[in-house]
Amino acid sequence: MLNHETLKFYHDLRLNNNREWFQINRSRYEVAKDDYLQLAGNILERMKQVDFTLANLEPKNCVFRINRDIRFSPDKSPYKTHLGIVFSGDRNMSERAGYYLHIDEAGCFLAGGIYMPQSEALKSLRREIADFHDDLTAIFNNKEFKSRFAGFDREENIVLKRPPQGYSADDKAIEYLKFKSYTVSKPFDISLVTNPKSIDFVIEHFTHLKPLNDFLNRAFH
């Protein structure tokens, strides 16, 4: 999946997150960057056979710049010390549900769904969930899905305490409608990252995420 040296570079960067060290180690970064793109390409090639909405994506559409946006952050460390790869039919990575892989020595996970949608998109998602609650419940109750994922992620501050505007507390979908973000995730150990079979693990889980992504993306049709 990834070369050991790529993980070593990001480990060292975590300990030396400054421009001077980065410039001295730029050649290591370029090798790690190529490895990162290769991984994105290998996963994307297989995912295109699973989800045809990804057909027009290229690996460069799926990865992120290493530079952090520090304009509004108290943490002025200039570089990201994790790798993220996202596969979505929306190249802006914002208004369609997709598949996400996160590699970080502090914790790895894969995920699907749509993270913190904008106001209008969130309204559309809630309408779809309210109108077709049974479809969503069937996805979550699927045996293969349940063996891998535990429902929508309940991160801090993404679940309302009261029903959203326009919905009543006795709506049969109310527990889903209170969410402001619709993702599911699965943690895994970083030791898997350099295992040759790790891509099979990713594809297997992404494949079982597809019905949820398809359901969420219906809200935007």
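Along the sequence shown, the residues carry numbers beginning at 1. These numbers come from the heavy atoms of this one structure, side chains and all, not from hydrogens, waters or symmetry mates.
- A donor-acceptor pair is defined here as one N or O able to donate and one able to accept, closer than 3.5 Å; such a pair exists between the side chain of N61 and the backbone of E58.
- The aromatic rings of Y29 and F9 lie tilted to each other, with the angle between the two planes from 30° to 60°.
- At a threshold of 4.5 Å between non-hydrogen side-chain atoms, the residues Y10 and I66 count as touching.
- Between T6 and L83, some side-chain heavy-atom pair lies under the 4.5 Å cut-off.
- With rounding to the nearest 0.5 angstrom, the NZ atom of K123 is 12.0 Å from the CD atom of Q118.
- Salt bridge present: K178 and E175 bring a charged side-chain N and a carboxylate O closer than 4.0 Å.
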Before giving the answer on salt bridge (Lys or Arg N to Asp or Glu O under 4.0 Å), spell out for D104 and R14 the whole-Å C-alpha distance, their side-chain angles and the decisive distance to 0.1 Å. CA-CA 10 Å; D104 187 344; R14 182 182 291 271; 2.4 Å; yes

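- Classification of the Y182-F152 ring pair by plane angle, with boundaries at 30° and 60°, yields perpendicular.
- Under the salt bridge (charged side-chain N to carboxylate O under 4.0 Å, His left out) criterion, no residue pair touches residues 181-198, with sequence neighbours excluded.
- Using a 30° and 60° split on the angle between ring planes, F64 and Y100 fall in the perpendicular class, above 60°.
- At a threshold of 4.5 Å between non-hydrogen side-chain atoms, the residues L2 and L7 count as touching.
- At least one donor-acceptor pair closer than 3.5 Å links the side chain of N18 to the backbone N or O of W21.
- Looking at heavy atoms from C-beta onward, P117 lies in side-chain contact with L125 at the 4.5 angstrom threshold.
- With N17 contributing its side chain and S77 its backbone, the two residues share no donor-acceptor pair below 3.5 Å.
- S185 contributes no side-chain N or O that, together with a main-chain N or O of A111, makes up a donor-acceptor pair within less than 3.5 Å.
- Salt bridge present: K8 and D12 bring a charged side-chain N and a carboxylate O closer than 4.0 Å.
- In this structure, a donor-acceptor pair under 3.5 Å is present between the side chains of D170 and S168.
- With hydrogens and angles ignored, the 3.5 Å screen pairs no side-chain donor or acceptor of K146 with any backbone N or O of F140.
- Between Q38 and N42, the side chains place a donor N or O and an acceptor N or O closer than 3.5 Å (distance only, hydrogens not considered).
- Distance CZ/R19 to CD1/I24: 14.5 Å, rounded to 0.5 Å.
- Under the 3.5 Å distance criterion, the side-chain polar atoms of S73 are left unmatched by any main-chain donor or acceptor of D69.
- Under the 6.0 Å distance and 45° angle rule, R96 does not count as a cation-pi partner of F220.
- Looking at heavy atoms from C-beta onward, P164 lies in side-chain contact with R126 at the 4.5 angstrom threshold.
- Of the residues listed (L37, L54, L101, L44), the one engaging C62 in a side chain to side chain contact (heavy atoms under 4.5 Å, CB included) is L44, and it is the only one.
- Contact of the H102 side chain with the C108 side chain is not registered, since no non-hydrogen atoms from C-beta on lie closer than 4.5 Å.
- Closest approach of F188 and L192 over heavy atoms only: CD1-CD2, 3.8 Å.
- Atom CZ of residue R68 and atom CG of residue D75 lie 4.0 Å apart, to the nearest 0.5 angstrom.
- Side-chain contact check for T194 versus M1: every heavy-atom pair is 4.5 Å or farther apart.
- The only member of I103, V31, I85 that meets side chain to side chain contact (heavy atoms under 4.5 Å, CB included) when paired with Y36 is I85.
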Got a list of side-chain donor-acceptor pairs under 3.5 Å for residues 200-213, not counting sequence neighbours?
unit_1 : atom_1 : unit_2 : atom_2 : d
D200   : OD1    : R46    : NH1    : 2.7
D200   : OD1    : R46    : NH2    : 3.2
E204   : OE2    : R148   : NE     : 2.9
E204   : OE2    : R148   : NH2    : 2.8
H205   : ND1    : F201   : O      : 2.9
T207   : OG1    : I203   : O      : 2.7
K210   : NZ     : D214   : OD2    : 2.7
N213   : OD1    : G113   : N      : 2.9
N213   : ND2    : G98    : O      : 3.1

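- Inter-residue side-chain proximity for L110 and F149 is flagged as met; some heavy-atom pair is nearer than 4.5 Å.
- With hydrogens and angles ignored, the 3.5 Å screen pairs no side-chain donor or acceptor of N157 with any backbone N or O of V159.
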